[in-house]
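Working notes, beginning with the structure itself.
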Amino acid sequence: MGVSDLPRSDSVTDPFDLATAALVMVDASGLIECWTPQAEKLLGHAAADVVGQPVSSVLPSPEGLSALIEGRLVADGWEGRVTVRDHGGDDVRLGLRVRAVPARDGDCRWLVALCGADALNRWELGQAALSGLLTQSPIGVAVLDTGLHYEWLNEVLATMEGVPQDDGARPARERAPLGPVERQAGRALTTGHALSSVEHVVPRPETTGQPGAEHLRLRSSFPLRARSGATLGVCQTAVDFTDHDPSRRRLLLVNEASERIGTTLDLGRTVQELVEILVPRIADFAAVDLLDGPGPAADPARRPRDGGNGLYRAAHLSIRPDHPEVVVATGAPARYPDQSPQNRCMATGLTIRDAALTAATPWLAADPLRQRKLLPLGVHSHMVVPLRARGVTAGVVTLLRWETPEPFDDDDQLLVEELAARAAVCVDNARRFAREHSAALALQTSLLPPVLPDLSAVEVAYRYLPADAEAGVGGDWFDVIPLSGSRVALVVGDVVGHGIHAAASMGRLRAAVQTLADIDLPPEELLTHVDDLVQRLSEEAEAAEDGPLVIGATCIYAVYDPIVRRLRVARAGHPGPAIAHMSEPVEILDVPAGPPLGLGGLPFESAEFEVEEGSVIALFTDGLIEASDHDVDAGLERLCFALAHPDRPLEEICDTMVRTLLPDRPPDDVAILVVRARSLDEERVASWDIPSTPSAVSEARRKAVEQLARWGLDDMVFTTELIVSELVTNAMRHAHGPIGLRLIYDRILVCEVSDASNTSPRLRRARFSDEGGRGLFLVAQLAQRWGTRYTAHGKTIWAEQPLPARAVDVPDCPGPEPAQGPL
């Protein structure tokens, strides 16, 4: 066992620290096993000369070492001062600490730590000074752990805060809601920086034991870190000093305002925080009127168009609970007279300070309502201060005094102007954020599907809930995309980040998914192509100076076929879908979890499930199950509860999901897509196997014509014959393997011809002298849409035709009978 095997001390000031002290290792028989370079430097003996020698020959000690050699060292070791003789024969005064060290072989070793007398003296002096500071200093000192519980505090701070102490000088850990101590300590833990504040203290006899005068308290907090960098807790100091200087009181108020005003980006809360600072410490009444509308998205740079002053009441507060001086309700136009101090303040951008309001005041005489309200109060001092930030006046602050005997003076004006300037910046920030949020929300909403298609395959309901305004608009989206063969694609995605960049990225991804879905790619292949797109967007964003640093997204893509009632799903870092069966419990489908879009390098996989007719499938973003008031597992349990009883209307199911899983102000965007699976009636699907013989083309036309007659679609016989003839002929001429023909009578008429070849036909314009090349061109002219989709056994070429006007209203496909009785 060597010195390197020993634990290191966390104290860098202890002279016996194992990382810096001179160390000697002694075995159970008293022989030196290890002699560090620090010991060689301190005592002058080389390691080669002393290793293997008795420790008593080098470190004689009548107390510590003799006890060590005789094997009777106490369990706690020995610590003291010794005098030894170095290699040159000089006496050296040392500090010495001996500790027992269990060895791996079962024997006991002894670790001897040595330090010079000067270092030991300095350390002992520092320990004495620290002890005196913590226990005898008039400064209150406390140590709190990361849970904001007291670990230690001195008597001074315990008296200041009214915290009881037990015999071990540790306070009771069960306390009331967070006070100034815990609030500042929590901010120090969160920010990792030292913080200081000045508080106005009103002593409470029930906590201090005796009444006292109001005073100020300077409080400081700083995090305590281990050598590894981990935060262990917070040290807090506090000192009281009596305040008789008004300038200090104003400084205290400004300090308090800096902490209280602008705590959120909510405009209404910001102006309310300002009036709460002003009343009652500066004014008996305070009102904030903002320019050009009470809403946070209003633009103060615009001037009113109706000839009014454009001021609207945003907040007010009075020392009297009945507000007798309030003339304007919150949110209503202020409508001050032309010569009022408020209009003059808006015009000049300067503070207006008036004396008493009397019946002879010119502007008040032009406002009978204010005159009737204010004159009985005896208002003797009136001040209006502009809210001005970044060169724009956003509004005015009106202050009145009638019970406070002193009128507003220059010091009051300077203080209120300072507070108004701080508040004006916060108001401007709130409005800028609100305008950006509104723009992002408008962009996000415009990029989402305004109306989902009405399909026979599924019944659809959805919800999109933007996040709380302070969190910003995210990039959640959803889509329902009709595919060939009466199939439907269900998509839900979530772009990383918030704001306009996230909304714009969402729009690009949604367009890409729609384009790739139009060419009938399988879900796993579609996500692979979208993953490549997200990687390119990330590269573009990194190259742009004002773009986001990272673009990423999650997505789930599902394809439902109502003819075979099967659902094929792939997901990229997204929660799996939930399905509410008609006869079984709700379950979360086990879909292979692919990586989030934008990582690249990993493949995506899909899974296929059989879906019972009438079952409800729910696709959603993670914001639904990761709301702030519960974890993911609890969210999934609540989701299953909300989806139970799938026979209910889909709108009711959506409302239940929102009410059960989301708080009033969700911290993240939420997109929900809920669909009820339907099946296509077998009588509306006809399919045949076509032999590869020349006469089979006419037979295929005949069967198609007969089937159209049974469906009552005689008006579509001519165009359908041409489409069937061209597609079957192309399959016989250019493909191989079995050929199949299928007609689907849905809200449109679909004609499909499949073969075993993977070669895809392409549309071209035949020249005048060409004998062929006109078949697909003719199909494209007759059909509303056409295309090719690949399968595991070949490909299918399809063409869709709109139904005649009399056949457009196709009866809905039969669904399950609604359950009877209570839910």
Side-chain angles (χ1 to χ4, degrees), residues 200 202 249-250 252-291 293-296 311-336 340-342 345-346 351-354 357 367 369-370 372-389 394-408 411-428 430-431:
H200 182 255
V202 179
R249 290 186 178 273
R250 293 187 175 92
L252 172 63
L253 191 59
V254 172
N255 181 77
E256 182 181 353
S258 65
E259 293 185 354
R260 291 185 55 186
I261 299 177
T263 56
T264 68
L265 287 172
D266 181 78
L267 178 62
R269 183 60 200 154
T270 298
V271 294
Q272 187 63 33
E273 289 165 346
L274 174 60
V275 296
E276 289 173 357
I277 288 290
L278 297 174
V279 178
R281 279 172 282 187
I282 300 179
D284 298 332
F285 172 81
V288 177
D289 300 311
L290 296 180
L291 181 64
L311 290 173
Y312 288 76
R313 178 62 48 86
H316 50 228
L317 186 63
S318 172
I319 60 173
R320 300 177 62 171
D322 54 347
H323 292 289
E325 68 285 356
V326 172
V327 180
V328 181
T330 302
R335 302 190 185 280
Y336 291 103
S340 65
Q342 287 77 13
C345 180
M346 287 295 302
T351 298
I352 306 296
R353 203 166 80 219
D354 285 349
L357 298 179
D367 193 339
L369 180 58
R370 283 187 171 85
R372 188 168 58 254
K373 287 277 189 177
L374 298 181
L375 289 184
L377 293 174
V379 176
H380 63 78
S381 194
H382 182 208
M383 182 164 61
V384 181
V385 180
L387 280 172
R388 188 171 179 83
V396 295
V397 182
T398 301
L399 299 93
L400 304 177
R401 278 183 179 177
W402 62 85
E403 289 194 4
T404 302
E406 298 84 4
F408 292 116
D411 290 338
D412 293 325
Q413 178 177 333
L414 184 63
L415 174 60
V416 176
E417 287 176 342
E418 171 67 19
L419 298 178
R422 291 172 179 261
V425 173
C426 297
V427 168
D428 188 62
R431 275 185 158 165

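We're numbering straight along the sequence, starting at 1.
Inter-residue side-chain proximity for Arg370 and Tyr336 is flagged as met; some heavy-atom pair is nearer than 4.5 Å. Between Leu374 and Leu400 the shortest side-chain heavy-atom distance falls below 4.5 Å. At least one side-chain heavy atom of Leu278 sits less than 4.5 Å from a side-chain heavy atom of Leu274. The shortest side-chain heavy-atom distance between Phe285 and Val326 falls under the 4.5 Å cut-off. Side chains of Val384 and Val397 form no contact here, defined as non-hydrogen atoms less than 4.5 Å apart. Side chains of Glu417 and Thr351 form a contact here, defined as non-hydrogen atoms less than 4.5 Å apart. Two residues are said to be in side-chain contact when any heavy atoms from C-beta on lie closer than 4.5 Å; Leu290 and Leu267 meet this criterion. At a threshold of 4.5 Å between non-hydrogen side-chain atoms, the residues Val416 and Leu399 count as touching.
With sequence neighbours excluded, the residues forming a side chain to side chain contact (heavy atoms under 4.5 Å, CB included) with Arg388 are Thr393, listed by chain and number. Take His316 and apply the ring pair (Phe, Tyr, Trp, His ring centres under 6.0 Å) test, not counting sequence neighbours, and it matches His323. Every residue two or more places apart in sequence or in another chain was checked for a side chain to side chain donor-acceptor pair (under 3.5 Å) with Ser381, and none qualifies. With sequence neighbours left out, Arg320 forms a side chain to side chain donor-acceptor pair (under 3.5 Å) with no residue at all. With sequence neighbours left out, the side chain to side chain donor-acceptor pair (under 3.5 Å) criterion links Glu403 to no other residue. In this structure Asp284 satisfies the salt bridge (charged side-chain N to carboxylate O under 4.0 Å, His left out) test with no other residue, sequence neighbours excluded. Taking Gln342 as the reference, Thr398 meet the side chain to side chain donor-acceptor pair (under 3.5 Å) condition, with sequence neighbours excluded. Scanning for salt bridge (charged side-chain N to carboxylate O under 4.0 Å, His left out) contacts around Glu273 gives Arg269, with sequence neighbours left out.
A distance of 10.0 Å separates CG of Leu415 from CZ of Arg281, quoted to the nearest 0.5 Å. Here the straight-line distance linking atom CD1 of Ile282 with atom CD1 of Ile277 works out to 8.5 Å at 0.5 Å rounding. Here the OG atom belonging to Ser340 is positioned 10.0 Å from the CG atom belonging to Asp354, to the nearest 0.5 angstrom. Interatomic distance, Asp266 CG to Gln272 CD, rounded to the nearest 0.5 Å: 11.0 Å. Here the CD1 atom belonging to Ile261 is positioned 6.0 Å from the CG atom belonging to Leu419, to the nearest 0.5 angstrom. Rounded to the nearest 0.5 Å, atoms CE (Met346) and CG (Asp289) are 9.5 Å apart.
Shortest non-hydrogen contact noted between Ala286 and Val275 is O-CG1, 4.0 Å. When all heavy atoms of Cys345 and Val385 are compared, the closest pair comes out as SG-C, 3.9 Å. A pairwise comparison of heavy atoms in Phe408 and Arg353 identifies O-NE, 3.3 Å as the closest pair. The nearest pair of heavy atoms linking Leu311 to Gly395 is CD2-CA, 4.3 Å. Residue Ile319 comes nearest to Trp402 through the heavy atom pair CG1-CZ2, 4.0 Å, listed as atom of the first residue, atom of the second, then distance. Pairing each heavy atom of Ala315 with each of Val271, the nearest pair is CB-CG2, 3.7 Å.
In this structure a side-chain-to-backbone donor-acceptor pair under 3.5 Å is missing from Arg372 to Asp367. Looking only at distances, no side-chain donor or acceptor of Arg401 sits under 3.5 Å from a matching main-chain atom of His380.
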